[in-house]
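Notes follow once the structure below has been shown.
What you see below is based on every heavy atom in this structure, not just the backbone, and it leaves out hydrogens, waters and symmetry mates. In this text, all values refer to a predicted model and were calculated from it rather than measured experimentally. Chain naming here is simple, since letters A, B, ... match the order of the sequence lines and numbering starts at 1 in each.
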Amino acid sequence: MTDIPPRTAPSPRTVPDPSIPADPYDPRALETKWQARWERDATHHTDIAAGVRPYYALMMFPYPSAEGLHVGNLFAFTGNDIHGRFQRQQGHTVFEPMGYDAFGIHSENYALKMGVNPMVLIPRNIDNFRRQLKRAGLMVDWRRELSTTDPRYYRWTQWLFLQLYHRGLAYKKRAAVNWCPNDKTVLANEQVIAGECERCGARVEQRFLEQWFFRITEYAERLLNNLDALDWSESTKAAQRNWIGRSEGAEIVFRVQDIMAIAGAAAVPASTAEMTVSQTDIRVFTTRPDTVFGATYLVLAPEHPLVERITTDEERASVLAYRERSSRQDLVTRRVSKEKTGAFTGAYALNPATGEPIPVWIADYVLMDYGTGAIMAVPGHDERDFEFATAFGLPIVRVVAAPGDDERSPLPTAYTDSQDPARLVNSGRFSGLTVSAAKHAVVARLEDQQRGRAVVTYRLHDWCISRQRYWGPPIPIVYCDVCGPVPVPEQDLPVELPRVDDFTPDDSGISPLARVERWFKVSCPRCGGAARRETDVSDTFLDSAWYFLRYPSVDRDDVAFDPVLTDKWLPVDSYIGGNEHAVLHLLYSRFITMVLHDAQLLPFEEPFTRFRAHGTIVREGAKMSKSRGNVVNPDEYIEQWGADSFRAYLMFLGPYEEGGDFQDRGISGVRRYLDRLWSSAIDADRAGDADPAMLRKLHKTIRKVTQDIPALSYNTAIAAMMEYMKAMRTGERRAHINEVEPLVQLTAPFAPHIAEELWERFGHTRSVFDSGWPSFDPALAADELVTMAVQVNGKTRGTIQVAPEVDQAGALAAAMADAGVAKFVTTDPARVIFVPGRLLNIVVR
RNA sequence: GCGGGAGUGGCGGAAUUUGGCAGACGCGCUGGACUUAGGAUCCAGUGCCGCAAGGCGUCCGGGUUCGAGUCCCGGCUCUCGCACCA
């Protein structure tokens, strides 16, 4: 910080300085006073059971890092706090809770580094966070604070797991995970930065481990469709649509030729509802079934289960070698190098459209976890297939053409147009059809032949919720040799995390909890025999996927969330948070809410009625980072300028939903505003009447602020108040109390401490937040005279002061009386454009 | 590649919803007042060129219109999310 702090108290001098008021604005003293007063008077306590007109104003709860509160946290919380305080002044009972998302790998890694159990560290971090948050003057009901690491909380996280388990939405399967060979641990996706471990920088490997999953894909369609009706930031909805990644297409069956010649394979046809599938039929997914005549080969993902069965003896060695090579390659290098590699299996499949045999390849450009893990390659009309076919000399056939294209000439590149002028060629009876018509026709034909069907595929995967780590809620499952996996009975929850000294992850890929025998050795809840606990813990995102349900019921140990309170407070009226959680947290929360709705535990299926993503703050044009050393420490600024100034500056520096540039110098502007508010209020004239012109200005300001706050246009709301302040003080005039008092109420959400103090000094005994909100009189907010722009041929040549209801003739007369205008009007106007109250345009030829 | 957002003074940003005085508000800067002093406070000015009259100005190029930062067409740049997704 380079700025000189403002003087808040008289300097120690022998002669009193007359320019320093006897009673200056002293934010430090006053903020301490009011924070204590709020606590004493329970000003911020929410009457959960009996409060009227409930309004749930929620912000994403923080991860309590050891570094303390980040300015980004405070930006988010302050924005929510202003909204909440405003709603309270509108007469709502506002609930603005705070909690801590304290499980997870961040905390655990930090604890490992310090060599202290996170059970010890986390409470310290939380204490520090709470101290900082209180200093910022948030309207939080601290009695309802929660931490996800509290057994009273995660007991219900485990309960939630069981609800999904009982509904068949939790299952276990082997899956690829991120493995850091250096830290010997599984990493969450978020812990992998550009293919490297975020802690040590080692290249992350793929490992296959048994994992617990939630069947979120079963909800894909609902998660997608509901978005349309949600009042959420458009960018967030777009990110979710993107993530869900719905695509319409077809599944087509290719029969592998000459099955009996392949050793060990038995062609036993099995019939499904839609089509006949034999054990070596290859199902592919395509969004372009219209191009099936151009499918000149098939590609399977290297790890596709059919590979072993169809590979011929001659090709076995090279196929296995390729498979081995690609499995060692981590996902990231695979993405970086887009060079096409692959191996021929020796097998051929019949193209159901042409009847021709086409070769079956494996290649890592086909992903096992999307579609069916197999594609029909149409090199003529897909860029990747074109590259592959070129690299391996496979045939390229044109089956779509624009008018005028030579149907026989070789394609220089893949022709991927599927819009109107493009038509099918070389496609038998389908030639001549448009792409969209052909899609339907081809699928219909394949359905008749039982060789295909229309399907919808999603990019969304099932949610892997298990973590082979220590710092999380243990998954409440017990494995019994006799009974198999048995859920822990609800009355036995929580399954408490044992306190251990050594929670270092090891090379086994198994949770550190697997070393705690006294903990995992249990008897089977069903048969009483010897059994073993699940030693994986659940993903942090599960903790945060339901916390908003817990706040109103946080003092209840008999239920996760009380139905009556839930009905009263939820869904959340206003949710504010960062767009970095646009997909994971917000999608998981929606999913969990839908599941609980289906289980008839919640009357709604969307948790957040309104969501707004706040922007990010940069500093002096650059991203804040520890390495740059340009991180804003809220404590320092609050110390120097006061919490009120800091809050107001954060809200003023840019549009809330975009964030902005934190410039150290800028904070002095809002501080000056508060200084002036202070002195105007202290010196306010209590005799006589307010200036009518000023009252008109006041009512306009009230209208502007009242409209801007719900829209989160905090920067313009503050600008409007500053503008009013300037008007009130022009020519060093003394403001009348009736001009200042409502301004204090308007300022209150932004700068609560100073507002309370001034409100009290005005003689009120109750909190300014229970004083209501100034109303504006539209008649008063309207001007007596308006300034209209006068243009000649579209160029502004002057302004006129007229009554708002003046007609065209009146405005024209007034305009022509203006010499500056008249001199441009040399002939009779050819035309006059009149916008009442705004503008007059005189058109001369 | 797909999708979202954005380009406006020296700087942060208003006005884009509904086409109607571009630059609100703040920072910074300039001048002045008060003052022993000022990095405090207060007053005035501040888009660019020009003594002025006036001209020019919202990423670039077209268009619609009496009138375009705002609408339409084409392009450029930045930014965020997803990405060999078939």
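Here A:Asn715 reaches the OP1 or OP2 of B:A14: one of its side-chain N or O atoms lies under 4.0 Å away. A:Arg665 has no side-chain polar atom (N or O) that falls below the 4.0 Å cut-off from OP1 or OP2 of B:C11. The phosphate of B:C84 (OP1 or OP2) has no side-chain N or O of A:Thr341 nearer than 4.0 angstrom. Put simply, A:Arg241 has no side-chain N or O that comes within less than 4.0 Å of OP1 or OP2 on B:C2. In this model, the phosphate group of B:A83 is approached by a side-chain N or O of A:Arg459 to a distance below 4.0 Å at OP1 or OP2. Contact annotation: A:Arg797 reaches the phosphate of B:G55 (side-chain N/O to OP1 or OP2, under 4.0 Å). Look at A:Arg729 and you won't find any side-chain N or O under 4.0 angstrom from OP1 or OP2 of B:C43.
For A:Lys823, the side-chain atoms get nearest to B:A53 when compared with the rest of B:C25, B:A53, B:C21. Here the nucleotide nearest the side chain of A:Arg838, chosen from B:G20, B:A86, B:G12, is B:G20. Nearest to the side chain of A:Leu367, among B:A86, B:A14, B:C42, sits B:A86.
B:A24 and B:U16 are spaced 15 Å apart, taking the C1' atom of each and rounding to whole Å. Using C1' as the reference atom, B:C25 and B:A15 are 12 Å apart when rounded to the nearest Å. Separation of the P atoms belonging to B:G7 and B:G12 is 12 Å when rounded to the nearest angstrom. Distance noted for atom C1' between B:C27 and B:U46: 13 Å (whole Å).
Rounded to whole angstrom, the span from the CZ atom of A:Arg288 across to the P atom of B:C84 amounts to 20 Å. Atom CZ in A:Phe652 sits roughly 8 Å away from atom P in B:C27 (whole-Å rounding).
If you check the side chains of A:Asn579 and A:Thr236, you find a donor sitting under 3.5 Å from an acceptor.
The residues A:Asp231 and A:Arg612 are annotated as salt-bridged, a charged nitrogen and a carboxylate oxygen being separated by less than 4.0 angstrom.
Taking syn as a glycosidic angle within 90° of 0, B:G9 qualifies as syn.
Across all strands shown, B:C27 pairs with B:G10; the Watson-Crick or G-U wobble distances both stay below 3.5 Å. Across the strands present, B:U58 finds no partner; the criterion is a Watson-Crick or G-U wobble pair with both atom distances under 3.5 angstrom. Across all strands shown, B:G50 has no partner, as no Watson-Crick or G-U wobble contact with both distances under 3.5 Å is found. Both distances falling under 3.5 Å, in either a Watson-Crick or a G-U wobble arrangement, place B:C2 opposite B:G81. Pairing partner, B:G69: none, since no Watson-Crick or wobble contact has both distances short of 3.5 Å. Under the Watson-Crick or G-U wobble criterion, with both distances below 3.5 Å, B:U36 has no partner in any strand shown.
For A:Ala789 and A:Val670, each mapped to the nucleotide of RNA chain B holding its nearest heavy atom, the one lying further toward the 5' end belongs to A:Ala789.
A:Asp385 places a side-chain N or O within donor-acceptor distance of the main-chain N or O of A:Val378, the cut-off being under 3.5 Å. Of the possible donor and acceptor atoms, one in the side chain of A:Asp462 sits under 3.5 Å from a partner among the backbone N and O of A:Ile216.
Under the 6.0 Å distance and 45° angle rule, A:Lys340 counts as a cation-pi partner of A:Tyr365. Taking the ring axis of A:Trp243 as reference, the NZ or CZ atom of A:Arg459 stays within 45° of it and closer than 6.0 Å to the ring centre.
The base of B:G5 lies outside donor-acceptor range of the side chain of A:Glu658, with no N or O pair under 3.5 Å. In this model, no side-chain donor or acceptor of A:Asn242 finds a partner on the base of B:C82 within 3.5 Å. Between the side chain of A:Lys726 and the base of B:C25, no donor-acceptor pair under 3.5 Å is found.
Pairing each heavy atom of A:Pro749 with each of A:Ile709, the nearest pair is CG-CD1, 4.4 Å.
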